[in-house]
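Right, one structure below, let's go through it.
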Amino acid sequence: MDIITVKDKSFKPYISEEELQTSVEKVASKINDDYKDSAPIFLGILNGSFMFFGDLLKSIDLECTVSFVKLASYEGTNSTGEVNQLIGLNEDISGKDIILVEDIVDTGNTLVKLHEILSKKNAKSIKIATLLYKPAAYKKDHPIDYVGLEIPNAFVLGYGLDYDGLGRNLSSIYVLND
Ligand code: IMP
């Protein structure tokens with residue numbers, strides 16, 4: 001793998017496909033153990049989770065359903081001027097075990113907002129699975145239940161993660177080369 005240029009920035013190889021697959025299988029195997037007696041709903045957070053979600057679900061051997069949601073924010077009238085809305089959740093999740101699937105947890109803002117919205121819908125449990133986690137950037141207390149890989153506070157690209165909309169289709173992960 002070589003250095004690549006995406007738009008105006010250069011990125012170098014960081015996490016190989018093999019390493020990603022090992023991490024994905026590690027997360028899947030923990031979830032398989034923890035949900036033996038449940039039929040959880042896997043909720044993929046779009047857009048970034050699509051590759052992780054696909055690979056993860058191939059290694060899940062539970063009875064389960066899958067769905068995708070997106071967190072959209074628009075200008076509103078609350079104190080921060082921003083209102084968050086969850087798009088795409090059409091089913092009733094009350095009494096269900098939910099596993100939120102994220103590409104990366106950085107500051108944790110997205111995760112906390114999602115949790116806030118979903119916890120009003122009477123799910124039996126809500127847990128978080130993320131491929132990547134940046135502990136140095138994380139500013140919340142909320143536990144992150146399943147983590148594929150911890151990474152330093154650097155900007156990464158590929159395997160679903162984008163730079164200005166580009167690079168999501170790369171099959172491995174690159175890091176900003178500065
Ligand atoms: P958070 O709300 O700060 O935890 O960030 C959540 C979202 O920011 C992720 O779902 C990603 O879409 C995006 N993000 C955070 N770090 C990176 C990165 O290093 N590369 C690409 N996207 C990122």
Side-chain angles (χ1 to χ4, degrees), residues 1-17 19-21 23-24 27 31 41-57 66-76 78-89 98-120 126-178:
M1 293 196 298
D2 293 321
I3 287 178
I4 56 167
T5 301
V6 176
K7 254 186 128 172
D8 54 344
K9 300 219 184 303
S10 123
F11 292 85
K12 60 185 176 196
Y14 190 48
I15 308 172
S16 68
E17 284 186 61
E19 216 181 324
L20 286 171
Q21 203 47 46
S23 309
V24 171
V27 171
I31 294 176
I41 303 180
F42 286 87
L43 271 191
I45 315 305
L46 292 173
N47 293 330
S49 75
F50 75 98
M51 277 210 195
F52 174 46
F53 194 93
D55 284 341
L56 179 73
L57 267 287
V66 307
S67 201
F68 291 92
V69 293
K70 192 165 189 163
L71 193 64
S73 50
Y74 57 92
E75 295 291 308
N78 76 351
S79 55
T80 61
E82 196 189 84
V83 177
N84 290 285
Q85 195 188 16
L86 195 65
I87 301 174
L89 187 65
I98 307 297
I99 302 169
L100 291 179
V101 181
E102 280 255 39
D103 51 354
I104 188 164
V105 175
D106 187 353
T107 63
N109 289 337
T110 308
L111 178 161
V112 165
K113 280 171 195 162
L114 281 167
H115 201 271
E116 252 171 46
I117 297 172
L118 287 167
S119 54
K120 293 178 187 141
I126 304 172
K127 292 212 172 176
I128 322 277
T130 184
L131 174 69
L132 303 176
Y133 169 47
K134 296 181 186 172
Y138 192 59
K139 296 197 171 64
K140 310 285 178 185
D141 300 321
H142 201 283
I144 304 167
D145 306 282
Y146 304 99
V147 173
L149 285 164
E150 289 192 3
I151 62 166
N153 201 359
F155 189 82
V156 290
L157 174 81
Y159 197 70
L161 290 146
D162 73 307
Y163 166 52
D164 212 8
L166 299 171
R168 294 193 195 275
N169 54 313
L170 295 162
S171 57
S172 63
I173 292 189
Y174 291 75
V175 66
L176 192 59
N177 189 19
D178 45 17

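Numbering starts at 1 and runs along the sequence shown. Just follow the structure's listing: the first ligand is 1, and inside any ligand the first atom is 1.
- Of all the atoms in ligand 1, the ones that sit under 4.0 Å from a non-hydrogen atom of Lys134 are 16 (N), 17 (C), 18 (C), 19 (O).
- Not a single N or O atom of Phe155, backbone or side chain, sits closer than 3.5 Å to an N or O atom of ligand 1.
- Looking only at heavy atoms of the protein, atom 1 (P) of ligand 1 is closest to Thr107 OG1, 3.3 Å.
- Ranking protein heavy atoms by distance to atom 8 (O) of ligand 1, first place goes to Ile104 CG2, 4.8 Å.
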Test side-chain contact (heavy atoms from CB on, under 4.5 Å) applied to Val66 and Ile41, step by step: CA-CA 6 Å; Val66 307; Ile41 303 180; over 6 Å; no
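- Taking each of Leu46, Asp103, Thr110 in turn, the one with a heavy atom nearest to atom 2 (O) of ligand 1 proves to be Thr110.
- Annotation: atom 20 (N) of ligand 1 to nearest protein heavy atom, Val156 O, 2.6 Å.
- In this structure, Gly108 has a heavy atom closer than 4.0 Å to ligand 1.
- Remark: Leu86 CG to Ile117 CD1 distance equals 5.5 Å, nearest 0.5 Å.
- Within the listing of ligand 1, atoms 21 (C) sit less than 4.0 angstrom from a heavy atom of Asp162.
- The CD1 atom of Ile144 lies 7.5 Å from the CD1 atom of Ile128; values are rounded to the nearest 0.5 Å.
- The proximity of Asp106 to ligand 1, defined as any non-hydrogen pair under 4.0 Å, involves the side chain as well as the backbone.
- Within the 4.5 Å cutoff, no side-chain heavy atoms of Ile98 are placed close to those of Lys127.
- Ligand-side atoms of ligand 1 in range of Ala154: 19 (O), range being under 4.0 angstrom from any heavy atom.
- Not a single heavy atom of Lys113 sits less than 4.0 Å from an atom of ligand 1.
- Side-chain atoms of Ser49 and Glu102 include no donor-acceptor pair closer than 3.5 Å.
- The closest side-chain heavy-atom distance from Val27 to Val147 is not below 4.5 Å.
- Set against the non-hydrogen atoms of Leu161, the atoms of ligand 1 under 4.0 Å away are 21 (C), 22 (N).
- No side-chain donor-acceptor contact under 3.5 Å links Asp106 and Tyr133.
- Between the side chains of Asp8 and Tyr163, a donor-acceptor pair is found at a separation under 3.5 Å.
- Ligand 1 places these atoms under 4.0 Å from at least one heavy atom of Glu102: 10 (O).
- Considering backbone and side-chain N/O atoms, Leu111 never comes within less than 3.5 Å of an N/O atom of ligand 1.
- Two residues are said to be in side-chain contact when any heavy atoms from C-beta on lie closer than 4.5 Å; Tyr146 and Thr130 fail this criterion.
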